[in-house]
Colleague: 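Input: one structure, supplied below.
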Amino acid sequence: MSPVGATMDADLDDLHLAQVLAGSTAELLEELRADSAGLEPAALGARALQRAGTFLAAQLIARCPMDSVLSGVHAGAFDPRAQRRWLIGALDGVPEYGAGRRDWGVGVALVVGGTITAAAVALPGLDLVLSNDSPTPPYPGEAHRRLVVERGTSTALVEAVASAIGGRTVQAGSVAYRTAAVVRGEADAHLHLGRLPVWDVAAPVAIARAAGLHASRMDGSEVRLDRADHLVPDLLICRMELAPDLLRIVRAMPLTG
């Protein structure tokens, strides 16, 4: 874990570049929101996503000109066949950001030959940058079966899963923030039913795994980052000891809410 806002350096290695860029983008977004008082939330979110995506892509293209770069607002330098591919969640949690909430984040991940080798998630609401080199270990105490889901999610499947494991649901914004809740021991599992863009998923998944957590699709299969549609259909991140029960429960239920 590192504080938000490390110093930019032209000679950073991949991991430190991810950390610094995630933190710097979070700071840029904080400043933009402070300077945009009165702007309608949807317009603020759209402006911020564009600004952050442009900033991150420009930084990576300047420092790593041979690498491929993909985000929600930048695909011009993306080549799915490239050996080194940066997946950048420039603003994970646009609605939360636009509404003035704090549960949004910035994710930066480098995929080399199909493996995430460097990843960082900036969480300005917690004044943290989590990375896959020095993760926070999962909370070692007894699991309380808290299931964190996307804000506004209250489907029959979600409630059934929470009930089946004897737990309850809690809601939070971005996938990065929800993943961090599990990494930090504030929740025991994160279940997402709908599709997620690979650029928002890559860094959180890497950080979860580095912290000793289970991370997979809801059917237990691998989270693929090379899909042609750039989408992950669903996601499960949880304490390792809960994975067998959660996967068994989810597999037995229809994926409709």
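All values below were derived from every heavy atom in this structure, side-chain atoms included, with hydrogens, water molecules and symmetry-related copies excluded.
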Colleague: Is there side-chain contact between V158 and L147, with heavy atoms separated by less than 4.5 Å?
Modeller: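 They are in side-chain contact.
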Colleague: Which heavy atom in I88 sits nearest to a heavy atom in G53, and how many Å separate them?
Modeller: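 So the minimum-distance heavy-atom pair works out to CD1-O, 4.5 Å.
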Colleague: Test your reading of the model: is there a side-chain donor-acceptor pair from S71 to the backbone of V73, 3.5 Å cut-off?
Modeller: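 Pair found, side chain donor or acceptor close to backbone of V73.
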Colleague: Are V232 and R195 packed together at the side-chain level, in the sense that at least one heavy-atom pair is separated by less than 4.5 angstrom?
Modeller: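 No, their side chains stay 4.5 Å or more apart.
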Colleague: At their closest point, which heavy atom of A109 faces which heavy atom of A203, and how far apart are they?
Modeller: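 Shortest heavy-atom separation between A109 and A203 comes out as CB-N, 3.7 Å.
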Colleague: Just to verify, which of V198, L87, V201, L225 counts as forming a side chain to side chain contact (heavy atoms under 4.5 Å, CB included) with H230?
Modeller: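 Among V198, L87, V201, L225, the one meeting side chain to side chain contact (heavy atoms under 4.5 Å, CB included) with H230 is V198.
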Colleague: Between W104 and L123, which heavy-atom pair has the shortest distance, and what is it?
Modeller: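 Shortest heavy-atom contact: O-CD2, 4.0 Å.
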Colleague: So, do M218 and R251 sit near enough that their side-chain heavy atoms are less than 4.5 Å apart?
Modeller: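 No, side chains not in contact.
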Colleague: For L15 and S131, what are the C-alpha separation, side-chain angles and deciding distance, and is it a side chain to side chain contact (heavy atoms under 4.5 Å, CB included)?
Modeller: CA-CA 8 Å; L15 178 62; S131 59; 4.2 Å; yes
Colleague: Closest heavy-atom contact between V182 and A189?
Modeller: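 Closest approach of V182 to A189, heavy atoms only: CG2-C, 3.8 Å.
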Colleague: About how many Å separate CG of L28 and CG of L91, when rounded to the nearest 0.5 Å?
Modeller: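 Spacing of CG (L91) from CG (L28) equals 10.5 Å.
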Colleague: Given side chain to side chain contact (heavy atoms under 4.5 Å, CB included), test W86 with C64 step by step and report yes or no.
Modeller: CA-CA 10 Å; W86 291 92; C64 311; 4.0 Å; yes
Colleague: Within the 4.5 Å heavy-atom criterion, are R209 and N132 side-chain neighbours or not?
Modeller: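 The answer is no; the side chains never approach within 4.5 Å.
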Colleague: Check whether the side chains of R178 and H192 place a donor and an acceptor atom closer than 3.5 Å, and report yes or no.
Modeller: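 Yes, because at least one side-chain N or O of R178 sits under 3.5 Å from a partner of the opposite role on H192.
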Colleague: If you group Ile, Leu, Val, Met, Phe, Trp and Tyr by side-chain heavy-atom gaps below 4.5 Å, do V112 and I61 land in one group?
Modeller: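 Hydrophobic grouping puts V112 with I61.
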Colleague: Counting only heavy atoms not in R84 (residues, nucleotides, ligands), do more than 12 fall under 6.0 Å from its CZ?
Modeller: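 Buried by this count: over 12 neighbours within 6.0 Å.
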Colleague: Is any side-chain heavy atom of L60 less than 4.5 Å from a side-chain heavy atom of L17?
Modeller: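 Yes, at least one pair of side-chain atoms sits under 4.5 Å.
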Colleague: Does the side chain of L236 reach to within under 4.5 Å of the side chain of D234, using non-hydrogen atoms?
Modeller: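 Counting from C-beta outward, L236 and D234 never come under 4.5 Å.
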Colleague: With rounding to the nearest 0.5 Å, note down the distance linking CG in L56 to OG in S24.
Modeller: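 Output value for this atom pair is 9.0 Å.
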Colleague: Give, for atom CD1 of I237 and atom CG of D188, the distance between the pair rounded to the nearest 0.5 Å.
Modeller: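 Answer rounded to 0.5 Å: 13.5 Å.
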Colleague: Evaluate the side-chain proximity of D92 to W199: yes if any heavy-atom separation is below 4.5 Å, no if none is.
Modeller: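 Heavy-atom side-chain distance check fails, nothing below 4.5 Å.
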Colleague: Would you say the side-chain atoms of R227 pair up with the backbone N or O of L231, donor to acceptor, closer than 3.5 Å?
Modeller: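 At least one qualifying donor-acceptor pair exists.
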Colleague: Would you say the side-chain atoms of T54 pair up with the backbone N or O of Q50, donor to acceptor, closer than 3.5 Å?
Modeller: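 Present.
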Colleague: Tell me, with the steps shown, if Q171 and E150 meet side chain to side chain contact (heavy atoms under 4.5 Å, CB included).
Modeller: CA-CA 6 Å; Q171 298 190 356; E150 185 179 25; over 6 Å; no
Colleague: In Å, rounded to the nearest 0.5 Å, how long is the span from CZ of R51 to CG of L44?
Modeller: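 Interatomic distance, R51 CZ to L44 CG, rounded to 0.5 Å: 10.5 Å.
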Colleague: Could you go step by step and tell me if L246 and L242 meet the side chain to side chain contact (heavy atoms under 4.5 Å, CB included) rule?
Modeller: CA-CA 6 Å; L246 282 172; L242 295 181; 4.1 Å; yes
Colleague: So which heavy atom on R33 is nearest to which on E96, and how close?
Modeller: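 Nearest heavy atoms, R33 then E96: NH1-O, 4.0 Å.
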Colleague: Of all the heavy-atom pairs spanning A120 and V129, show the shortest one and how long it is.
Modeller: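 Reported closest heavy-atom pair: CB-CG1, 4.1 Å.
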Colleague: In Å, rounded to the nearest 0.5 Å, how long is the span from OG of S68 to CD of Q83?
Modeller: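 Between S68 OG and Q83 CD, I get 11.5 Å after rounding to 0.5 Å.
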Colleague: Does E222 pair with R224 as a salt bridge, N-O distance under 4.0 Å?
Modeller: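 No, E222 and R224 are not salt-bridged.
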Colleague: So, the side chain of Y97 versus the backbone of L29: is there a donor-acceptor pair under 3.5 Å, distance only?
Modeller: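 Yes; at least one donor-acceptor contact below 3.5 Å.
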Colleague: I'd like to check L235 versus R217 (side-chain heavy atoms, cut-off strictly below 4.5 Å). Are they in contact?
Modeller: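 No, their side chains stay 4.5 Å or more apart.
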Colleague: Quick test of your reading of the model: are E186 and R146 salt-bridged, counting only N-O distances below 4.0 Å?
Modeller: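 Result for this pair is no, no salt bridge flagged.
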Colleague: With a 4.0 Å cut-off on N to O distance, would you call E30 and R102 a salt bridge?
Modeller: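 Judged by the 4.0 Å cut-off on N to carboxylate O distance, E30 and R102 do form a salt bridge.
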Colleague: Measure the CG-OG1 distance between L110 and T117 for me, rounded to the nearest 0.5 Å.
Modeller: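 If I round to the nearest 0.5 Å, the distance is 4.0 Å.
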Colleague: Set out, in order, the CA-CA distance, both residues' side-chain angles and the distance that settles salt bridge (charged side-chain N to carboxylate O under 4.0 Å, His left out) for R85 and D226, then state yes or no.
Modeller: CA-CA 10 Å; R85 295 176 288 128; D226 59 351; 5.9 Å; no
Colleague: Using atom types as modelled and distance alone, determine if a side-chain donor or acceptor of S36 lies under 3.5 Å from a backbone N or O of L39.
Modeller: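 Not a single qualifying donor-acceptor pair exists.
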